[in-house]
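What follows is a set of notes on a single structure, which appears directly below.
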Amino acid sequence: MQAEWARERPDLDVSPQGVIGRLHRLGLLLTDRLCLVYRRYGLSEGEFDVLAALRRAGAPYERAPGELAVHTMVTTGAMTKRIDRLERDGLVARRRSAADGRGRVVALTAAGRELIDRAFAEHMENERSLLEGLAPQQAAELEALLTAWLARIEPPP
């Protein structure tokens with residue numbers, strides 16, 4: 001692609017395509033491979049993210065819906081749909097906040113905690129296998145480069 005563009009538009013530097021194009025392809029391939037694990041547990045990528053955010057919260061494994069939306073980088077409307085599906089499947093429960101009787105929280109059920117613990121263990125094995133082609137030093141360098149790049153592009157929280 002780059003060679004063709006360089007031939008057709010020699011007046012433009014098309015070298016950014018080498019990085020952006022490969023990252024885009026890699027992102028699609030990684031998502032496909034990651035979603036294979038989620039589907040084995042009957043979860044979508046978004047549902048996995050919600051359960052993981054609740055599990056990371058620590059006991060009692062709950063967060064407010066708005067907080068979940070921030071942690072998973074989706075709108076509150078999208079979060080409501082995810083919570084509805086997870087609640088229907090018995091993986092989370094909504095209840096009034098103990099700290100603020102007017103607020104609501106979403107909490108992992110016992111079944112939800114058991115599921116996310118199994119799914120997350122397999123997810124980490126999958127991520128490790130995806131990095132097998134890189135030496136540990138290469139993975140660390142790549143993480144540092146991506147962190148620096150994201151800091152320049154991503155809006156502050």
Side-chain angles (χ1 to χ4, degrees), residues 1-6 12-92 105-157:
M1 224 185 316
Q2 284 177 273
E4 291 172 347
W5 275 118
L12 296 176
D13 173 14
V14 296
S15 62
Q17 281 190 321
V19 173
I20 303 297
R22 283 174 178 82
L23 277 175
H24 183 71
R25 281 179 41 214
L26 187 58
L28 294 172
L29 291 167
L30 289 174
T31 298
D32 286 347
R33 293 274 302 271
L34 295 173
C35 286
L36 288 174
V37 171
Y38 309 148
R39 283 193 296 273
R40 275 199 281 277
Y41 292 89
L43 300 170
S44 69
E45 184 176 22
E47 292 162 348
F48 178 90
D49 287 347
V50 171
L51 295 178
L54 289 170
R55 182 64 173 93
R56 286 193 318 269
Y61 311 110
E62 62 186 31
R63 294 185 192 265
E67 188 181 0
L68 280 171
V70 169
H71 280 273
T72 59
M73 298 179 283
V74 297
T75 65
T76 54
M79 181 54 59
T80 298
K81 290 177 184 175
R82 290 176 182 180
I83 293 168
D84 287 346
R85 286 190 303 264
L86 291 167
E87 187 174 39
R88 184 189 65 232
D89 293 343
L91 302 173
V92 302
V105 294
V106 178
L108 276 178
T109 63
R113 182 172 173 199
E114 189 273 330
L115 181 76
I116 192 58
D117 281 350
R118 285 189 299 117
F120 185 71
E122 188 174 337
H123 171 69
M124 291 313 304
E125 288 174 26
N126 189 31
E127 284 195 348
R128 195 170 333 294
S129 75
L130 289 167
L131 289 175
E132 277 178 354
L134 299 176
Q137 180 63 30
Q138 289 175 310
E141 289 171 6
L142 181 58
E143 181 182 2
L145 287 169
L146 293 173
T147 298
W149 192 7
L150 273 170
R152 292 180 48 101
I153 294 176
E154 194 170 45

Nearest heavy-atom contact between Val37 and Ala119 is CG1-O, 4.0 Å
Expected output: side-chain Arg88 to main-chain Asp84 donor-acceptor under 3.5 Å: no
Flag if over 12 foreign heavy atoms under 6.0 Å of CD, Glu143: no
Test side-chain hydrogen bond (donor to acceptor under 3.5 Å, both in side chains), reference Glu47, set Arg85, Lys81, Arg82, output is Arg85
Could Arg118 and Glu122 be called an ion pair, given the rule that one side-chain N must be under 4.0 Å from one carboxylate O? no
Between OG1 of Thr31 and CG of Leu26, what distance do you get to the nearest 0.5 Å? 9.0 Å
Return the minimal non-hydrogen interatomic distance between Pro65 and Val105, and the atom names on each side. CD-CA, 4.4 Å
To the closest 0.5 Å, what do you measure between CG (Asp49) and CG (Leu54)? 11.0 Å
To check you understand the geometry: which heavy-atom pair defines the closest contact between Ala111 and Gly90, and what is its length? CB-O, 3.9 Å
Measure from the side-chain N and O atoms of Asp89 to the backbone N and O of Leu91, and report whether any donor-acceptor pair falls under 3.5 Å. no
Using the ring of each side chain (for Trp, its six-membered ring), is Phe48 parallel, tilted or perpendicular to His123, with breaks at 30° and 60°? tilted
So how far is it from Leu130 CG to Leu29 CG, rounded to the nearest 0.5 Å? 9.5 Å
Nearest-0.5 Å distance, CD1 of residue Ile20 to CZ of residue Arg25: 13.5 Å
Are Leu68 and Val74 close enough that some pair of their side-chain heavy atoms sits under 4.5 Å apart? no
Leu43/Leu115 under side-chain contact (heavy atoms from CB on, under 4.5 Å): CA gap, chis, key distance, verdict: CA-CA 10 Å; Leu43 300 170; Leu115 181 76; 4.0 Å; yes
Shortest non-hydrogen contact between Cys35 and Glu45, atoms and distance: SG-CB, 4.0 Å
Quick one: pull up CZ in Arg55 and CG in Asp117 and give me the separation to the nearest 0.5 Å. 4.0 Å
Measure the shortest side-chain to side-chain distance between Asn126 and Leu36 over non-hydrogen atoms and say whether it is less than 4.5 angstrom. no
Arg63 side chain vs Ala53 backbone, donor-acceptor pair below 3.5 Å: yes
Taking it one step at a time, do Leu30 and Glu127 satisfy side-chain contact (heavy atoms from CB on, under 4.5 Å)? CA-CA 9 Å; Leu30 289 174; Glu127 284 195 348; over 6 Å; no
Taking CH2 in Trp5 as the centre, count heavy atoms belonging to other residues, nucleotides or ligands within less than 6.0 Å. Is the count above 12? no
What I'd like to find out is whether the side chain of Tyr61 reaches to under 4.5 Å of the side chain of Ile116, using heavy atoms alone. no
What is the minimum heavy-atom distance between Thr109 and Val92, and which atoms define it? CG2-C, 3.7 Å
Could you tell me whether a side-chain N or O of Thr72 sits under 3.5 Å from a main-chain N or O of Val50, the two making a donor and an acceptor? no
